[in-house]
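If you read the sequence from its start, that first residue is 1, and numbering goes on from there.
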Amino acid sequence: MNIYKRPFNTNIKNNKAKHKSKKLLIIKLSILIFTILLNILSWNSSTFSDWYIDKILPLWINTYSRFISLFPISVGEKLIILGILLLIVGIIIFLLGFFKSGRLKSLRRKYWNTLSWILIFVLLIQTLNCFILYHASTFESKYFNAKDNYGFEELANLREHIVGKLNSLSTQFERNSNGEIIYNGDMYSECIKSMKNLGKKYPSLSGYYPQPKKILFSSFMSQQYLSGIFFPFTLETNYNTDMYITNMPFTICHELAHLKGYIYEDEANFIAFMACINSDNLFFQYSGYLNVLNYVSKDFRKNASEEEWNSRTLVTEEVAADNIFLTASAWDKVNTSSPFNTETVEAISNKFLDSNLKLNGIKDGIESYNRVVQLLIYYYS
């Protein structure tokens, strides 16, 4: 029996593939152009950025952020690990490029196509959850009738107030044999409660807050002197588990402030301070005052004479001992377990952070953290 089989028209298959490829390219370019336009608009209009934070950002927080919070692990941290693995795969594929093979050629094409999609969506999400936020109205302009400058007397009074509070609070906590504070409360719930209470006075801080998450690679964060991190890709707030406990309430509230559109570090510091000191929890109050002490003392020391500096109230031994990033034993663990030198990691991290802030329009870069002092003075005056 003779069977006739109609030959397949390869031209039709090739035409369909080309049409699909062209269609995907148009989609990519459309997303990229949309992302660029969003950045241009936000850089040139604080009104647009304010509208976006007020109307659109809460939609992501109440849907996407709620979904991500169902996972007990830091999804953002895992995505970074996946990104590193993807980069390693890319290097391997590049090296294999010296071998001529049809399969390798197809694999390289698929890899670069996948990578281009990832980069486009990373840029889009970073724009939506981070870049736009840098160009909105500041907390200061929204809520304070601020002065341009503050005087030395105001600065000196602020430091005296903070030191007095710290010296008083430092004696009221249970401590272990090493003098380290013991805290047995539910820190997550208290942080969220403190932020929501602050939202009653400042409406932009009201609404849903996700559960903070621990960072698995906290040792590497410690080497960068990072206490917390906000992942725009997943709208998660994360904190370093190695740091001394007095840093934790302030850090978590700081990262939660980013979630509400306050991306400037000085503003997040100030919001964290207010959330902590207005809490009924004395340990939270202590964390709030302690984490702004160095900023205020730095400004005061810079402007005070030797006589003025020596005449002011000193912090107690307990406060001085609590005013640390990591305990000595924690530092030993970090330095012995890491293959990298801490000083090198810190220097690279500072350079990256400084450059990132400047690229987003913050001219003084990493020094902007210290602008929290001005906000503190506005608050008390």
>> Salt bridge or not between E160 and K165? Use side-chain N to carboxylate O under 4.0 Å.
In response: no

> Do Y64 and T234 have side-chain heavy atoms sitting under 4.5 Å apart?
Replying inline: yes

> Less than 4.5 Å apart, any side-chain heavy atom of L57 and any of N129?
Replying inline: yes

>> Holding to side chain to side chain donor-acceptor pair (under 3.5 Å), I want the full list of residues that pass it with S189, two or more places apart in sequence or in another chain.
In response: D186

>> Would K193 pass as a cation-pi partner of Y209, given that its NZ or CZ must be under 6.0 Å from the six-membered ring centre and within 45 degrees of the axis?
In response: no

> Closest approach of M248 and N240, non-hydrogen atoms and distance?
Replying inline: CE-O, 4.0 Å

> Atom CH2 in W43, atom NE2 in H135: separation rounded to 0.5 Å?
Replying inline: 4.5 Å

>> Within the supplied structure, the quantity of interest is the number of heavy atoms (other residues, nucleotides, ligands) at a distance under 6.0 Å from K214 NZ; does it exceed 12?
In response: no

> Do E154 and R159 pass the salt bridge (Lys or Arg N to Asp or Glu O under 4.0 Å) test, and can you show the C-alpha distance, the side-chain angles, and the key distance before you say yes or no?
Replying inline: CA-CA 9 Å; E154 293 168 302; R159 185 184 176 280; over 6 Å; no

> How far does CG of L235 sit from CZ of F230, to the nearest 0.5 angstrom?
Replying inline: 5.0 Å

>> Checking Y380 now: which residues fulfil side chain to side chain contact (heavy atoms under 4.5 Å, CB included) with it, not counting sequence neighbours?
In response: L158, H161, F273, I277, Y289

>> F284: which residues meet the ring-ring contact (aromatic ring centres under 6.0 Å, His included) condition with it, sequence neighbours left out?
In response: none

> Would I68 end up clustered with L70 when hydrophobic side chains under 4.5 Å apart are linked, directly or stepwise?
Replying inline: yes

> Do L314 and W309 belong to the same hydrophobic cluster, where Ile, Leu, Val, Met, Phe, Trp and Tyr are linked whenever their side-chain heavy atoms lie under 4.5 Å apart, directly or via other members?
Replying inline: no

>> Any side-chain to backbone donor/acceptor pair from E267 onto I263? Under 3.5 Å, distance only.
In response: no

>> Considering only residues two or more places apart or on different chains, which pairs with a residue in residues 68-80 satisfy side-chain hydrogen bond (donor to acceptor under 3.5 Å, both in side chains)?
In response: S69-Y208, S74-N238

> Between N184 and E174, what is the shortest heavy-atom contact and its length?
Replying inline: ND2-OE1, 4.2 Å

> For the residue pair F139 and Y202, is the inter-centroid distance of their aromatic rings smaller than 6.0 Å?
Replying inline: yes

> Excluding sequence neighbours, so at least two apart, what forms side chain to side chain contact (heavy atoms under 4.5 Å, CB included) with I118?
Replying inline: L86, T114, V122

Just distance, no hydrogens or angles: give the donor-acceptor pairs under 3.5 Å from side chains in residues 328-335, sequence neighbours left out.
unit_1 : atom_1 : unit_2 : atom_2 : d
S329   : OG     : T327   : OG1    : 3.2
N335   : OD1    : T342   : OG1    : 2.6
N335   : ND2    : W331   : O      : 3.2

> More than 12 foreign heavy atoms under 6.0 Å from CZ of F67: is that the case here?
Replying inline: no

>> Once rounded to the nearest 0.5 Å, what's the spacing between atom CG of D242 and atom OG of S222?
In response: 4.0 Å

>> For the aromatic rings, using the six-membered ring if either is Trp, is the centroid distance between Y286 and Y183 under 6.0 Å?
In response: no

> Given I271 and M195, is the side-chain contact (heavy atoms from CB on, under 4.5 Å) satisfied, shown in steps?
Replying inline: CA-CA 8 Å; I271 291 167; M195 291 297 291; 3.8 Å; yes

> For L282 and Q172, which heavy atoms make the closest approach, and how far apart are they?
Replying inline: CD1-OE1, 3.2 Å

>> Could you walk me through whether Y378 and F270 satisfy the ring pair (Phe, Tyr, Trp, His ring centres under 6.0 Å) test, starting with their C-alpha distance in whole Å, then the side-chain angles of each, then the deciding distance to 0.1 Å, before giving a yes or no?
In response: CA-CA 11 Å; Y378 293 158; F270 175 64; 9.0 Å; no

> In chain order, what residues pass the side chain to side chain contact (heavy atoms under 4.5 Å, CB included) check against A272, with sequence neighbours excluded?
Replying inline: F250, C253, H254

> If only atom types and distance count, is the side chain of N303 paired as donor or acceptor with the main-chain N or O of F152 below 3.5 Å?
Replying inline: no

> Hey, are the side chains of W51 and I56 touching, using non-hydrogen atoms and a 4.5 Å cut-off?
Replying inline: yes

> Does CD belonging to E153 count more than 12 external heavy atoms closer than 6.0 Å?
Replying inline: no

> Can you list the residues that meet the salt bridge (Lys or Arg N to Asp or Glu O under 4.0 Å) rule with K213, with sequence neighbours excluded?
Replying inline: E236

> In terms of hydrophobic clustering (I, L, V, M, F, W, Y; side-chain heavy atoms under 4.5 Å; direct or indirect links), are I84 and I229 co-clustered?
Replying inline: yes

> Using links of under 4.5 Å between side-chain heavy atoms of ILVMFWY residues, direct or through other members, which residues join I33 in one cluster?
Replying inline: L37

> Just one of T251, I181, V319 clears the side-chain contact (heavy atoms from CB on, under 4.5 Å) bar with T246, so which one?
Replying inline: I181

> Apart from L25 itself, what residues make up its hydrophobic cluster when side-chain heavy atoms of I, L, V, M, F, W and Y under 4.5 Å apart count as a link, directly or indirectly?
Replying inline: L29

>> Measuring only between side-chain heavy atoms, which start at C-beta, is N323 closer than 4.5 Å to L293?
In response: yes

>> Taking atom CG as the centre, does N178 end up with more than 12 heavy-atom neighbours from other residues, nucleotides or ligands that are less than 6.0 angstrom away?
In response: yes

> M187 and I245: side-chain contact (heavy atoms from CB on, under 4.5 Å), yes or no, with the steps?
Replying inline: CA-CA 10 Å; M187 196 173 294; I245 194 170; 4.1 Å; yes

>> Between Y239 and T241, does the side-chain contact (heavy atoms from CB on, under 4.5 Å) criterion hold? Intermediate values first, please.
In response: CA-CA 6 Å; Y239 71 94; T241 57; 4.1 Å; yes

> Is there a side-chain contact between Y111 and I92 (heavy atoms, below 4.5 Å)?
Replying inline: no

> salt bridge (Lys or Arg N to Asp or Glu O under 4.0 Å) with R312: which residues, sequence neighbours excluded?
Replying inline: none

>> Do I27 and S30 make a side-chain contact, defined as non-hydrogen atoms from C-beta onward lying under 4.5 Å apart?
In response: no

> Nearest 0.5 Å, what's the CD1-OG distance between I162 and S297?
Replying inline: 7.5 Å

>> Testing the 3.5 Å rule here: is there a donor-acceptor pair between the side chains of S116 and K28?
In response: yes

> If only atom types and distance count, is the side chain of E308 paired as donor or acceptor with the main-chain N or O of S305 below 3.5 Å?
Replying inline: yes

> Atom CG in L376, atom CG in D299: separation rounded to 0.5 Å?
Replying inline: 10.0 Å

> Below 4.5 Å, heavy atoms only, C-beta onward: do L124 and F121 meet side chain to side chain?
Replying inline: yes

> Within the distance-only criterion (no hydrogens, no angle test), does the side chain of S168 pair as donor or acceptor with the backbone N or O of G164 below 3.5 angstrom?
Replying inline: no

>> As an exercise, state the distance from CD1 of I125 to SG of C130, rounded to the nearest 0.5 Å.
In response: 12.0 Å

> Within the distance-only criterion (no hydrogens, no angle test), does the side chain of D54 pair as donor or acceptor with the backbone N or O of D50 below 3.5 angstrom?
Replying inline: no

> Can you name the residues that form a side chain to side chain contact (heavy atoms under 4.5 Å, CB included) with A321, not counting sequence neighbours?
Replying inline: none

> F325 and L226: which non-hydrogen atoms are nearest, and at how many Å?
Replying inline: CZ-O, 3.6 Å

>> Walk me through whether Y262 and T138 qualify under side-chain contact (heavy atoms from CB on, under 4.5 Å).
In response: CA-CA 8 Å; Y262 293 103; T138 63; over 6 Å; no

